[in-house]
Amino acid sequence: QARVDQTQSLLLETDLFLEIERRKAGPTAEREQAELVAWQARLSGALIALEEAERHFQRVQKLSQSALISDSELEIARIRRDKNKAELDAVREEVHKATASQALSREILEGITLHKQRVATARAGQAEFNFRLAPESVGMADSSIRRVARTADVRRSQRPAPGLARHRHR
């Protein structure tokens, strides 16, 4: 009976741990999704700004070739275009980072869901073994539950510390 109680306690502990992890990961996943959407909107704006700067540069270049405007105005248009190219590259990198962060959050949530299912499976196995009251069955359930708990501990140790996972420059 002591082994059954220990197994039940271990299942409850693992279940509580997974619920805490889900509560932490859920808002993180939502924040990651919102950041991705925001960076995608900035990407659209940066593309439009670059297209406009490129058109302006082409017009100024034609006028410069006809000697209708000064070389300094051409240089200003070139600098503006190049600045917009650099901004577009930076925003594309942020979209890439946000996409990777979102994928990581989704992977963590999927892992939590998998572990919750393993706990449910172990709990169902424990109920069956308790029904049969076979000592060897309790030992099998106990080893299964310990495997789930070890896996959850490994997942917890692999997660990056909060705030250190990434730095974003906006």
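Scope of the values below: all heavy atoms of this structure, side chains included, with no hydrogens, waters or symmetry mates. All figures in this text were calculated on a predicted structure; none of them were measured in a lab.
Distance CD/Glu21 to CZ/Arg23: 12.0 Å, rounded to 0.5 Å. Atom CD1 of residue Ile20 and atom NZ of residue Lys24 lie 7.5 Å apart, to the nearest 0.5 angstrom. Distance check: His96 NE2 to Glu94 CD gives 10.5 Å after rounding to the nearest 0.5 Å. To the nearest 0.5 angstrom, Asn84 atom CG is 12.0 Å from Ile79 atom CD1. Of the inter-residue distances, the one linking Glu87 atom CD with Leu50 atom CG reads 9.5 Å to the nearest 0.5 angstrom. Distance check, rounded to the nearest 0.5 Å: CG of Leu74 to CD of Gln65 gives 8.5 Å.
Although no hydrogens or angles enter the test, the distance criterion places no donor-acceptor pair under 3.5 Å between the side chain of Ser64 and the main chain of Val60.
For the residue pair Ala122 and Leu11, the shortest heavy atom distance occurs at CB-CD2, 3.9 Å. Annotation for Leu109 and Gly26: closest pair CD2-N, 4.0 Å, computed over non-hydrogen atoms. Taking all atoms of both residues into account, the shortest heavy-atom contact from Val95 to Gln40 is CG2-N, 4.0 Å.
Cluster membership for Leu88 and Phe57, using ILVMFWY side-chain heavy atoms within less than 4.5 angstrom, is not shared. Cluster membership for Leu47 and Val91, using ILVMFWY side-chain heavy atoms within less than 4.5 angstrom, is shared. Ile69 and Ile76 end up in different hydrophobic clusters when Ile, Leu, Val, Met, Phe, Trp and Tyr side chains are linked at under 4.5 Å.
Pairs engaging residues 43-53 under the side-chain hydrogen bond (donor to acceptor under 3.5 Å, both in side chains) rule: Glu52-Arg80 [sequence neighbours left out]. Under the salt bridge (Lys or Arg N to Asp or Glu O under 4.0 Å) criterion, the residue pairs touching residues 67-77 are Glu75-Arg78, with sequence neighbours excluded.
Residues Arg81 and His56 fail the side-chain proximity criterion, which asks for heavy atoms closer than 4.5 Å. Residues Arg92 and Asp89 have side chains in contact (heavy-atom distance under 4.5 Å, counting atoms from C-beta outward). Within the 4.5 Å cutoff, side-chain heavy atoms of Arg31 are placed close to those of Thr28. Considering only heavy atoms from C-beta on, Leu114 stays 4.5 Å or farther from Glu110 through its side chain.
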Worked verdict on Val119 versus His115 for side chain to side chain contact (heavy atoms under 4.5 Å, CB included): CA-CA 6 Å; Val119 167; His115 289 301; 5.6 Å; no
Audit row: Leu12, Leu16, side chain to side chain contact (heavy atoms under 4.5 Å, CB included) steps and yes/no: CA-CA 6 Å; Leu12 182 59; Leu16 290 172; 4.2 Å; yes
Applying side chain to side chain contact (heavy atoms under 4.5 Å, CB included), run through Lys85 and Glu54 and close with a yes or a no. CA-CA 9 Å; Lys85 279 183 182 179; Glu54 187 63 46; 4.3 Å; yes
